[in-house]
Amino acid sequence: RPLLIRSLIGCCAATIGMTVVGFLLDAEKASQEACGWSFMGLLIMYLAFFAPGMGAVPWVVNAEIYPNALRSDAASIATMVNWASNALVSQLFPILLGAAGTGPTFAVIAGLV
């Protein structure tokens, strides 16, 4: 539980930072180069917090919460939903980025995290 909480707080902080940088980029108040490096640093921060907590723990918990008789079917369904969600996000992100801009796109993501 503490690992997940730290992971979530770090991911939220990185995503909020990306939102701020995105709004600065959209308003042309910062250079594209500075925003690019800021995004890169915040992405590394996000991944550093995501990998040990929100990235791994759900898979471990998923393997333990189902009864033995249903474990393989339930884990298969959970995996399918995970991959379908990933595909949906991958398809919608560029559309939202083009329609709303960088700042609002990351604001939506920060709201979902």
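Note that this is a predicted model, so its numbers are computed, not measured. Any value given below was found using the heavy atoms of this structure, including those in side chains, with hydrogens, waters and symmetry copies removed.
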State plainly whether one hydrophobic cluster holds both [X] and [Y], where clusters connect Ile, Leu, Val, Met, Phe, Trp and Tyr through side-chain heavy atoms under 4.5 angstrom apart.
X	Y	answer
I9	L3	no
M54	F49	yes
V89	V108	no

Could you give me the CA-CA distance, side-chain angles and deciding distance for M18 and L43, then say whether side chain to side chain contact (heavy atoms under 4.5 Å, CB included) is met?
CA-CA 8 Å; M18 289 180 199; L43 179 61; 4.2 Å; yes
Rounded to the nearest 0.5 Å, what separates atom [atom1] in [X] from atom [atom2] in [Y]?
X	Y	atom1	atom2	result
T15	I109	OG1	CD1	7.5 Å
K29	C35	NZ	SG	12.5 Å
C11	R6	SG	CZ	13.0 Å
L8	F50	CG	CZ	11.0 Å
C12	Y46	SG	OH	8.5 Å
L24	S31	CG	OG	10.5 Å

With ring pair (Phe, Tyr, Trp, His ring centres under 6.0 Å) as the rule and sequence neighbours excluded, what pairs involving residues 53-75 come up?
none
Correct closest heavy-atom pair for P94 and S90 would be CD-O, 3.2 Å
Atom of R71, atom of E64 and distance for their closest heavy-atom approach
NH2-O, 4.1 Å
So, does T19 use its side chain to make a donor-acceptor pair with the main chain of G103 at under 3.5 Å?
no
Stepwise side chain to side chain contact (heavy atoms under 4.5 Å, CB included) check, M45 with L42
CA-CA 5 Å; M45 177 184 162; L42 289 165; 4.2 Å; yes
Member of L97, L92, I95, D26 meeting the side-chain contact (heavy atoms from CB on, under 4.5 Å) criterion with T105
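One option only clears the test, and that one is L97.
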Can you label the angle between the F93 ring and the F106 ring as parallel, tilted or perpendicular, going by 30° and 60°?
perpendicular
